[in-house]
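First the structure, in the form of structure tokens, and then the observations on it.
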Amino acid sequence: MNALHDKHLVRGVDHAAFPTFDPVGTVRFYRDVLGFPVVHSICAAGWGPEKHPDFIHFFFDIGNGDRIAFFYYFGLEPLPGGRGDAYAQFDDDVPEFFLGSRHLALSVESEDSLNEYQRRLDDSEWATEMRVQHETIESIYTHDPNGYIVEITRALRPVTPQEDVDANLTIDALVDVVSRGDASIHALLNRKAELIVERSDDWDTLLAQPEATS
Amino acid sequence: MASVYFLDVPENRPVVEVAERSQQVHVTKNGPYFEISAAEPFEIDRRATGARHAVWYSCVAGIRGFRIAGWDKNSLRFEIQS
């Protein structure tokens with residue numbers, strides 16, 4: 001056991017990487033429309049045991065020193081398929097909510113900042129498709145040139161300690177009901193109520209030391 | 001007595017306040033949760049709460065002894081679990 005064994009050590013996103021078949025559109029969208037600086041790129045000849053194509057790996061700054069990155073493979077044709085994005089293609093029978101569930105959300109600090117990104121998108125060919133106030137955040141959405149869903153969001157208020165406690169309780173309940181083969185929202189809410197009662201004597205401790213920040 | 005739990009966050013308070021108007025419910029606090037207890041069915045009307053839909057459809061934290069008999073854009077109904 002070392003001194004770091006129970007520490008939460010990661011510091012955010014170094015980079016999230018996606019393939020692209022449209023590097024021109026990708027650069028226009030992220031650099032020219034959104035104004036994300038290019039901060040790194042690797043130009044590499046294909047090599048190795050597989051027939052790896054020559055490629056460019058390029059990065060945009062998404063704030064905080066975090067980055068979004070793309071791979072463009074020279075000579076690689078888009079994969080066959082109907083719906084989806086540059087990475088994943090789906091048949092018509094896959095529901096839209098499922099396609100929309102995978103996305104990247106970037107954060108901004110204020111309503112003014114969110115409005116500014118909406119303006120930049122709306123002045124481009126990738127106009128804002130939706131603006132929604134969720135439970136505690138407000139978000140705008142569009143699809144980038146590769147079909148990836150990009151969300152930009154602001155917090156409507158700070159997250160409170162009780163929400164971290166509730167989130168941990170929800171996840172404990174989820175693991176319990178799915179593990180026992182009883183996956184439904186009703187089973188989950190019943191299990192959560194049991195956990196609320198079980199932990200009723202420990203609220204002071206739980207709220208003082210939320211698990212999410214340990 | 002059956003119970004429904006709502007997390008105490010600003011968005012949920014109007015939901016709890018509207019529920020509390022029902023004569024048959026009793027509201028207490030259990031740590032970070034409001035605990036609404038009742039011996040009979042009750043209903044909450046979203047329009048009276050002013051809750052937007054994202055809040056409305058995620059406001060329930062737990063249910064004990066109740067079942068959710070209906071949850072649509074304007075009505076959330078709890079019945080005693082048989």
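Proteins get letters first, then strands, A, B, ... in listed order; numbering begins at 1 in each.
In terms of non-hydrogen atom pairs under 4.5 Å with chain A, the most contact-rich of B:V55, B:V60, B:D8, B:V9 is B:V9. Listed options B:G31, B:P10, B:A51 were ranked by heavy-atom pairs under 4.5 angstrom with chain A; first place goes to B:G31. Note: A:V197 leads A:V197, A:L188, A:V132 in heavy-atom pairs under 4.5 Å with chain B. Highest contact tally toward chain A, considering only B:S58, B:A61, B:G65, is held by B:A61 [criterion: heavy-atom pairs under 4.5 Å].
Remark: B:K73 NZ is loosely packed, at most 12 non-hydrogen atoms of other residues, nucleotides or ligands lying under 6.0 Å away. Atom CD of A:E109 is surrounded by 12 or fewer heavy atoms from other residues, nucleotides or ligands within 6.0 Å. Atom CG of B:D72 has more than 12 heavy atoms from other residues, nucleotides or ligands within 6.0 Å.
The shortest distance between side-chain heavy atoms of A:L189 and B:Y5 does not fall below 4.5 Å. For the pair A:H186 and B:Q81, the minimum side-chain heavy-atom distance is below 4.5 Å. Within the 4.5 Å cutoff, the side chain of B:Y33 has heavy atoms near those of the A:L169 side chain.
Separating the OG1 atom in A:T160 from the CG atom in B:L7 is a distance of 6.5 Å, to the nearest 0.5 Å. Here the CZ atom belonging to A:R191 is positioned 14.0 Å from the CD1 atom belonging to B:I63, to the nearest 0.5 angstrom.
For chain B, the nearby parts of A:S200 are the backbone and the side chain; heavy atoms of each come within less than 4.5 Å. Heavy atoms closer than 4.5 Å to chain A are found nowhere in B:Y57, neither backbone nor side chain. Proximity to chain B (any heavy atom under 4.5 Å) is restricted, for A:R157, to the side chain, taken from C-beta onward. Neither the backbone nor the side chain of A:E194 has a heavy atom closer than 4.5 Å to any heavy atom of chain B.
When all heavy atoms of B:N30 and A:W203 are compared, the closest pair comes out as OD1-NE1, 2.6 Å. In terms of heavy atoms, B:A54 sits closest to A:Q133 at CB-O, 3.9 Å. Pairing each heavy atom of B:R64 with each of A:A193, the nearest pair is CB-CB, 3.9 Å.
Checking side-chain atoms of B:E11 against main-chain N and O of A:T136 turns up no donor-acceptor pair under 3.5 Å.
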